[in-house]
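This structure is a prediction, so every number in the text was calculated from the model and none was measured. Each ligand, and each atom within it, is numbered from 1 in the order the structure gives.
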Amino acid sequence: MNKEHIFIIEDETDIRDVVEYNLSREGYSVDSFSDGEAGLLAIQKQTPDLVLLDLMLPGLDGIEICRQLKQHHKTSSIPIIMITAKSEESDVVLGLGMGADDYVSKPFSPRELVARVGAVLRRPQPKGEGTNPDRIERHGLVIDSQRHEVLLEDKLISLTATEFKLLQFLASHPGRVFDRDHLLSRVLGEDVVVLERNIDVHVRSIRKKLDHPDDLIETVRGVGYRFKY
Ligand code: CA
């Protein structure tokens, strides 16, 4: 039985009810809020394990709530899954750039939502941006930072310094989507030369070198990339 405490901030009663019903059935305890101010106030009083956050809310919108939560030390590590409409793709990019963990687009199936919630809660707590674990092992891939080596099924893969950084960052945040701007500015840094500023080219090259049947780096259309496993 799960005991995690989830807050949902959503102004549409139907969606709120469906989400609440399905998550409760999975054993989560759920509190619902129909507007941003009430939700934010509640989070500041009692830290939930995860927040499901609608983007279009009356008053304080989802992006603003996300910004405020990520700004404060006490609330910055609470995982956030955004609930969005198809037309809000640019807001998704903004939210992910601010540190939201994932998003679901309306209409979504309850099953999909429950799976996403479970996946985000099971993720290892991020050690913060820019931390480079010494060794990452995932799905047959080994990234050894000290040796600056990448092995796939024990085979040595030769990557450029930029490709190495990118793969290491994505693999150390499995399942989390990052947009291109984030990868460029926060991962590769401002010092990369102009020629290297095309994330898509680097990802394509990494994929080609890994030549993995399961395509470890997934393209999230309209948003960016995520490490799948
Ligand atoms: Ca709404």
Participant: Take the Ca ion (ligand 1) and tell me which protein N, O or S atoms are nearer than 3.0 Å.
Facilitator: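 Short answer, with waters excluded from the count: D11 OD1, D54 OD2, M56 O.
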Participant: Does anything in residues 57-77 form a salt bridge (Lys or Arg N to Asp or Glu O under 4.0 Å)? List the pairs, not counting sequence neighbours.
Facilitator: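 As it turns out, the salt bridge (Lys or Arg N to Asp or Glu O under 4.0 Å) pairs with a partner in residues 57-77, which skip direct neighbours, are E64-R67.
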Participant: Quick one: which residue pairs count as a salt bridge (Lys or Arg N to Asp or Glu O under 4.0 Å) with a foot in residues 103-113, not counting sequence neighbours?
Facilitator: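 Only E10-K106, E12-K106, D54-K106, E112-R116 qualify under salt bridge (Lys or Arg N to Asp or Glu O under 4.0 Å).
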Participant: Any chain of hydrophobic side-chain contacts (each under 4.5 Å) joining I63 to I83?
Facilitator: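 Shared cluster, no.
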Participant: What class does the angle between the rings of F164 and H148 fall in, given that below 30° is parallel, 30 to 60° is tilted and above 60° is perpendicular?
Facilitator: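 Geometry flag for H148 against F164: parallel rings.
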Participant: Distance-only criterion, 3.5 Å: show the donor-acceptor pairs between side-chain atoms of residues 219-229 and protein atoms not counting sequence neighbours.
Facilitator:
unit_1 : atom_1 : unit_2 : atom_2 : d
T219   : OG1    : R207   : NH2    : 2.7
Y225   : OH     : D200   : OD1    : 2.6
R226   : NE     : E218   : OE1    : 3.1
R226   : NH1    : G175   : O      : 3.2
K228   : NZ     : D214   : O      : 3.0

Participant: F7 vs H5 aromatic rings, parallel, tilted or perpendicular, using cut-offs 30° and 60°?
Facilitator: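 Aromatic pair F7/H5 classed perpendicular.
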